[in-house]
Amino acid sequence: EQTFIAMFPMVFGIDCYDCLITDQSSLGDFAASPEELETFRERVRSHYNVDVASLPDDGLVTVGRAIADGEAGREAE
């Protein structure tokens, strides 16, 4: 949950409590254009070192898990 709380303002510029999020939500659900979607993907890449293109999908659950796994890996080092 903490991953999503931190991710939303960083990636989307909104608070996660100000929108409806389901287990089927994706980055594309928050993008108004293909350009904005690419901006979101770049923010994930630059802030969390996660390449969304390498993931099975751009679902928020998938992206959030990849971010959390990366953070856990860095903490273990």
Should V50 and L55 be marked as a side-chain contact (heavy atoms from CB on, under 4.5 Å) after you check the CA-CA gap, both sets of side-chain angles, and the distance that decides it?
CA-CA 9 Å; V50 171; L55 301 176; 4.0 Å; yes
What residues form a side-chain contact (heavy atoms from CB on, under 4.5 Å) with E42, not counting sequence neighbours?
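Partners of E42 by the side-chain contact (heavy atoms from CB on, under 4.5 Å) criterion, ordered by chain and then number, come out as R45, S46.
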If you define the side chain from C-beta out and look only at heavy atoms, does anything of [X] sit under 4.5 Å from [Y]?
X: D58; Y: L37; value: yes
X: D57; Y: S26; value: no
X: R43; Y: F12; value: no
X: V11; Y: H47; value: no

Same cluster (ILVMFWY, side-chain, under 4.5 Å), F40 and V61:
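Result: no, two separate clusters.
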Transitively linked via ILVMFWY side-chain contacts under 4.5 Å: V63 with I5?
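No, V63 does not connect to I5 through the hydrophobic network.
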Pick one: which of D29, I21, T3 meets side chain to side chain contact (heavy atoms under 4.5 Å, CB included) with L60?
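That would be I21; it is the only one of D29, I21, T3 passing the side chain to side chain contact (heavy atoms under 4.5 Å, CB included) with L60.
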How many angstroms lie between atom CZ of F30 and atom OG of S25, to the nearest 0.5 angstrom?
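Reported value, rounded in 0.5 Å steps: 5.0 Å.
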F8 vs D15, test: side-chain contact (heavy atoms from CB on, under 4.5 Å). Steps then yes/no.
CA-CA 6 Å; F8 265 73; D15 188 292; over 6 Å; no
Between S33 and E35, does any side-chain donor sit less than 3.5 Å from a side-chain acceptor?
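There is such a pair between these side chains.
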Run M10 and Y48 through side-chain contact (heavy atoms from CB on, under 4.5 Å) and show every step you take.
CA-CA 10 Å; M10 184 69 64; Y48 299 105; 3.7 Å; yes
